[in-house]
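Comments concern the structure below.
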Amino acid sequence: MFTKPRNGWTDIVLDDFEGLGSYIQDVPVEVMEASISALKNDAPLELHFDEEGSEFKLTADENTKIVAQGYYGPETYEVKRTKMELIHEICEDMEEYFHDWVEFNEDYAYFEDDEAEQKQAFYDEREIVLKALLDELKSLV
């Protein structure tokens, strides 16, 4: 689903759909919090992504649908994965690129060279938050 985050972007690929996640959103936190909420409340998984000029919303339960709103109006995509399959994929992607997700933050990217201590402290705090979310999500799956 998610490629390795780089330069403030991650590709989101599901079947025939390709979209982008930008670090103007806290993608790992938002995605894991939404997944946790969907599991705890036995509700559909709903994710929204701002592509900086276009956007899309993913809704997953037994069926998964993506509605993309871009320059040419809305487009709908059906994805052959259930909510649980997507959440498993999210766990795998968050785990595989964990340290990249810790750095995937607009604030982190804009620390100056002379702010190494602050940058490291920010990283350490963010690592704790993402690790706790990932552990909680994995415990629910």
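- Under the 4.5 Å side-chain heavy-atom criterion for Ile, Leu, Val, Met, Phe, Trp and Tyr, Val13 and Phe56 are members of distinct hydrophobic clusters.
- Taking 4.0 Å as the cut-off between side-chain N and carboxylate O, Asp124 and Lys119 do not count as a salt-bridged pair.
- In summary, the aromatic rings of Phe104 and Tyr97 are positioned with their centroids too far apart to meet the 6.0 Å limit.
- Residue Val29 is grouped with residue Leu137 when hydrophobic side chains (ILVMFWY) are merged at heavy-atom distances under 4.5 angstrom, including chains of intermediate members.
- The two atoms that bring Cys91 and Val141 nearest to each other are SG-CG2, 4.1 Å, heavy atoms only.
- Ile66 has its side chain out of reach of Thr59: every pair of non-hydrogen atoms, C-beta onward, lies at least 4.5 Å apart.
- When the side chains of ILVMFWY residues are joined at heavy-atom separations under 4.5 Å, either directly or via intervening members, Trp9 and Leu14 end up in two distinct hydrophobic clusters.
- In this structure, Tyr123 and Tyr108 have tilted ring planes: the angle between them lies in the 30° to 60° band.
- Rounded to the nearest 0.5 Å, atoms CG (Asp100) and CE (Met94) are 11.0 Å apart.
- The backbone N or O of Val102 lies less than 3.5 Å from a partner atom in the side chain of Arg126, making a donor-acceptor pair.
- Residues Val129 and Leu134 are members of one and the same hydrophobic cluster, defined by side-chain heavy-atom contacts under 4.5 angstrom among Ile, Leu, Val, Met, Phe, Trp and Tyr.
- For Trp101 and Phe98, the ring centers sit 6.0 Å or farther from each other.
- One N or O on the side chain of Asn105 and one on the backbone of Asp107 form a donor-acceptor pair closer than 3.5 Å.
- Note that CG of Asp61 and CG of Leu45 are 9.0 Å apart. Values are rounded to the nearest 0.5 Å.
- Considering every non-hydrogen atom in both Pro44 and Ala38, the closest pair reads O-CB, 3.7 Å.
- To the nearest 0.5 Å, atom CZ of residue Phe111 and atom CD of residue Glu103 are 12.0 Å apart.
- Residue Asp42 places its CG atom among 12 or fewer non-hydrogen atoms of other residues, nucleotides or ligands, all under 6.0 Å distant.
- For the pair Glu127 and His99, the minimum side-chain heavy-atom distance is below 4.5 Å.
- Following chains of ILVMFWY side-chain contacts shorter than 4.5 Å, one cannot reach Leu133 starting from Ile128, and the two form parts of different hydrophobic clusters.
- Using a distance-only test at 3.5 Å, with no hydrogens or angles considered, a donor-acceptor pair links the side chain of Ser139 to the main chain of Glu136.
- Between Phe17 and Tyr77, the angle of the ring planes goes over 60°, which puts this pair in the perpendicular group of the 30/60° scheme.
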### Task
Report the C-alpha separation of Ser22 and Glu52 in whole Å, then their side-chain angles, then the decisive distance to 0.1 Å, and conclude whether the side chain to side chain donor-acceptor pair (under 3.5 Å) test is met.
CA-CA 7 Å; Ser22 166; Glu52 297 187 38; 2.3 Å; yes

### Query
Does the pair Arg81 and Asp15 meet the rule for a salt bridge (Lys or Arg N to Asp or Glu O under 4.0 Å), with working shown?
CA-CA 9 Å; Arg81 291 192 189 88; Asp15 296 346; 3.6 Å; yes

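- Using a distance-only test at 3.5 Å, with no hydrogens or angles considered, no donor-acceptor pair links the side chain of Glu55 to the main chain of Phe49.
- The backbone N or O of Met1 sits less than 3.5 Å from a side-chain atom of Asp93, completing a donor-acceptor pair.
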### Message
Between Phe2 and Glu89, is the side-chain contact (heavy atoms from CB on, under 4.5 Å) condition met? List the steps.
### Response
CA-CA 8 Å; Phe2 294 104; Glu89 230 177 298; over 6 Å; no

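- Formation of a donor-acceptor pair under 3.5 Å by the Lys83 side chain with backbone atoms of Ala43 is found in this model.
- Minimum interatomic distance between Glu115 and Glu112 (heavy atoms only, all atoms of both residues): OE1-N, 2.6 Å.
- Note that CD of Glu106 and CD1 of Ile24 are 7.5 Å apart. Values are rounded to the nearest 0.5 Å.
- Within the 4.5 Å cutoff, no side-chain heavy atoms of His48 are placed close to those of Leu58.
- Remark: side-chain polar atoms of Gln25 are paired, donor with acceptor, to backbone N or O of Asp50 under 3.5 angstrom.
- Take Glu95 and apply the salt bridge (charged side-chain N to carboxylate O under 4.0 Å, His left out) test, not counting sequence neighbours, and it matches Lys138.
- Within 6.0 Å of the CG atom in Asp16, the count of heavy atoms belonging to other residues, nucleotides or ligands does not exceed 12.
- For the pair Thr76 and Lys65, the minimum side-chain heavy-atom distance is below 4.5 Å.
- Summarising the local packing, CD of Glu18 is surrounded by 12 or fewer heavy atoms from other residues, nucleotides or ligands at distances under 6.0 Å.
- When atom types are taken as modelled, the side chain of Thr10 and the backbone of Thr3 share a donor-acceptor pair closer than 3.5 angstrom.
- Residue-environment remark: CG (Asn7) stays at or below the threshold of 12 foreign heavy atoms within 6.0 Å.
- Among Asp26, Ile12, Leu47, the single residue meeting the side chain to side chain contact (heavy atoms under 4.5 Å, CB included) criterion with Val31 is Leu47.
- Glu85 places a side-chain N or O within 3.5 Å of a backbone atom of Thr82 that can act as its donor or acceptor partner.
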